[in-house]
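Report on the following structure.
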Protein chains: 2
Amino acid sequence: MGYKYNKEEILEVGYQVIRKNGYHHVGINQILKEAGIPKGSFYNFFESKEDFAKQVIQYYGEGNRKWLKGIFKDSKETPINTLKSFYKLLIDYNEEDNFCSGCLINNMGNETGRLYDSLAEETKEQFDQWLDLIADVVGKGQELGEITKRYSAKEIANYLHSGFYGTFFKMKVDRSRKDMDTWLHMTFEFIKA
Amino acid sequence: MGYKYNKEEILEVGYQVIRKNGYHHVGINQILKEAGIPKGSFYNFFESKEDFAKQVIQYYGEGNRKWLKGIFKDSKETPINTLKSFYKLLIDYNEEDNFCSGCLINNMGNETGRLYDSLAEETKEQFDQWLDLIADVVGKGQELGEITKRYSAKEIANYLHSGFYGTFFKMKVDRSRKDMDTWLHMTFEFIKA
DNA sequence: TTTAAATTAGACCAATTGGTTTATTTTTAA
DNA sequence: TTAAAAATAAACCAATTGGTCTAATTTAAA
């Protein structure tokens with residue numbers, strides 16, 4: 001294996017460019033150009049464009065999972081504030097990025113979720129794995145009496161992250177974090193015990 | 001003006017096919033084929049694909065605005081239940097559609113909001129006009145003491161509709177209304193006075 | 001050291017992309 | 001009734017799409 005090119009490097013390029021431009025707006029040739037590889041090598045690594053996208057989703061999902069784990073483990077705050085700081089951090093990142101891209105998982109789910117079964121499946125899988133990590137923190141918050149027990153930890157985690165995805169629409173057409181900040185404030189008022 | 005083809009009919013075709021497949025995944029030729037018009041006529045009506053999409057967004061936004069007004073005016077329920085029934089109706093429609101498409105405005109905003117200024121502007125405009133109508137009902141609910149006054153009617157309307165958009169991601173990758181129903185239940189618990 | 005397999009390389013392919021052009025027909029206004 | 005304008009029609013365009021093919025090179029195993 002591993003001759004000249006590194007598969008992860010190609011996936012990283014794919015992640016960047018697909019996250020920003022979407023799946024159908026990006027051609028294989030653009031990936032080749034930005035990754036600096038010839039077509040033969042690309043199709044040596046990946047069966048098709050769809051297979052490539054699937055692996056990009058997987059790569060991004062796994063990378064973020066590790067990052068999430070670290071953040072939650074190292075947090076010095078209480079569970080509810082850990083979560084609030086986490087979403088604030090995501091908003092900050094999107095601001096640094098000039099609100100250009102949003103989340104690859106959300107973008108792919110909305111653009112291709114009903115078009116390609118393999119991508120829907122992979123997208124759902126990565127999202128669900130994130131949700132498990134978030135639900136862990138929610139559960140701890142519930143035990144401490146910080147977060148409402150009227151809904152399960154998983155339901156609240158899903159409410160949080162799906163709700164956060166909902167703010168990307170306005171972020172992109174408004175090019176502002178205003179509504180995201182309002183969402184953060186309102187949501188964390190709503191879910192507290 | 002009005003010779004052989006009807007512009008609204010072309011916009012309706014464009015709405016259907018772009019809502020389902022996205023902007024970049026749909027070519028002009030597909031529109032021509034489904035609308036049964038030659039290319040010359042298309043470019044007589046529309047300057048470009050981008051201009052066409054912009055008019056599709058406008059057409060859909062205005063049509064829905066009229067529909068919304070009617071629904072809210074005819075409602076026999078209290079404001080908060082009017083809103084809850086409205087979102088339940090939207091979920092029902094998406095189920096009938098087999099969860100295939102979601103909302104054109106949300107799809108376009110996420111796919112093209114940071115790629116084409118004209119589409120972002122039009123998308124935002126139509127969304128904001130819907131929000132005004134929803135905020136009216138929220139405001140009445142606040143006056144009646146049904147809905148929390150901790151946030152403005154506009155903020156709550158935005159929280160509702162953006163939150164609803166957030167549920168489309170899971171709807172599409174999960175092909176189910178389960179999370180939408182949970183969202184509906186939780187959200188209307190949260191916003192009540 | 002030889003051989004088979006994996007990888008790299010990019011020319012090549014048919015199909016499609018958004019858009020233009022030219023010609024014809026239809027409508028409107030003078 | 002005629003001329004100008006508007007609309008219809010589709011052939012045509014260069015550029016790009018995802019993907020294949022053949023050849024050369026590199027690596028690993030025998």
Side-chain angles (χ1 to χ4, degrees), chain A residues 1-57 59 107-108 111-112 114-120 122, chain B residues 1-57 59 107-108 111-112 114-120 122:
Chain A
M1 323 211 159
Y3 283 32
K4 185 169 177 184
Y5 301 114
N6 179 277
K7 194 170 160 180
E8 289 230 334
E9 281 172 22
I10 308 170
L11 290 172
E12 177 65 27
V13 168
Y15 157 63
Q16 303 280 358
V17 62
I18 292 178
R19 180 167 95 110
K20 184 164 192 164
N21 301 290
Y23 178 71
H24 293 111
H25 191 41
V26 169
I28 301 290
N29 290 320
Q30 189 181 346
I31 305 285
L32 304 180
K33 206 172 156 189
E34 301 213 25
I37 55 164
K39 199 164 263 191
S41 301
F42 179 90
Y43 279 98
N44 180 48
F45 284 122
F46 310 103
E47 277 181 19
S48 62
K49 187 188 180 186
E50 188 178 332
D51 175 54
F52 175 63
K54 186 183 165 180
Q55 293 197 42
V56 167
I57 292 166
Y59 163 81
N107 293 349
M108 288 301 288
E111 186 184 350
T112 69
R114 279 321 305 257
L115 260 20
Y116 312 97
D117 289 351
S118 74
L119 301 188
E122 191 59 49
Chain B
M1 328 218 156
Y3 284 31
K4 184 171 179 184
Y5 302 114
N6 179 277
K7 192 170 162 179
E8 289 229 335
E9 281 172 21
I10 308 172
L11 290 173
E12 176 64 28
V13 167
Y15 157 63
Q16 303 280 357
V17 63
I18 292 177
R19 179 167 96 110
K20 183 163 192 165
N21 300 289
Y23 177 70
H24 292 111
H25 192 41
V26 169
I28 301 290
N29 290 321
Q30 189 180 347
I31 305 285
L32 304 180
K33 206 171 156 190
E34 301 212 25
I37 55 166
K39 200 165 262 192
S41 300
F42 179 89
Y43 279 98
N44 179 48
F45 283 122
F46 310 103
E47 278 181 18
S48 63
K49 187 187 179 186
E50 187 178 334
D51 175 54
F52 174 63
K54 187 183 164 181
Q55 294 196 43
V56 167
I57 292 166
Y59 162 81
N107 294 349
M108 288 299 289
E111 187 185 349
T112 69
R114 281 319 307 256
L115 260 21
Y116 313 96
D117 289 352
S118 74
L119 301 188
E122 190 61 47

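Source: prediction; values computed, not measured. All chains are named by letter (A, B, ...) in the order of the sequence lines, taking the proteins before the strands, and each is independently numbered beginning at 1. Atom set for the values below is all heavy atoms of this structure, side chains included, hydrogens, waters and symmetry mates excluded.
Note: CG (Asn6(A)) to P (dT8(C)) measures 10 Å, nearest angstrom. To the nearest angstrom, C1' of dT8(C) lies 16 Å from NZ of Lys7(A). Note: CZ (Phe42(B)) to C1' (dT20(C)) measures 14 Å, nearest angstrom. Computed from coordinates, the Asn44(A) CG to dT25(D) C1' distance equals 13 Å when rounded to whole Å.
Lys33(A) meets the side chain to side chain contact (heavy atoms under 4.5 Å, CB included) test with no other residue; sequence neighbours excluded. Partners of Glu9(B) under the side chain to side chain contact (heavy atoms under 4.5 Å, CB included) rule, at least two apart in sequence or in another chain, are Asn6(B). For Asn44(B), there are no side chain to side chain contact (heavy atoms under 4.5 Å, CB included) partners, not counting sequence neighbours. In this structure, the salt bridge (charged side-chain N to carboxylate O under 4.0 Å, His left out) partners of Asp117(B), at least two apart in sequence or on a different chain, are Arg175(A). Gln16(B) is linked by a side chain to side chain contact (heavy atoms under 4.5 Å, CB included) to Glu12(B), counting only residues two or more places apart in sequence or in another chain.
Ring centroid separation for the pair His25(A) and His24(B) comes in under the 6.0 Å cut-off.
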Generate the contact string for nucleotides 13-19 of chain C. Rules: B means base contact, S means sugar-phosphate contact only, - means no protein heavy atom under 4.0 Å. ----BBB
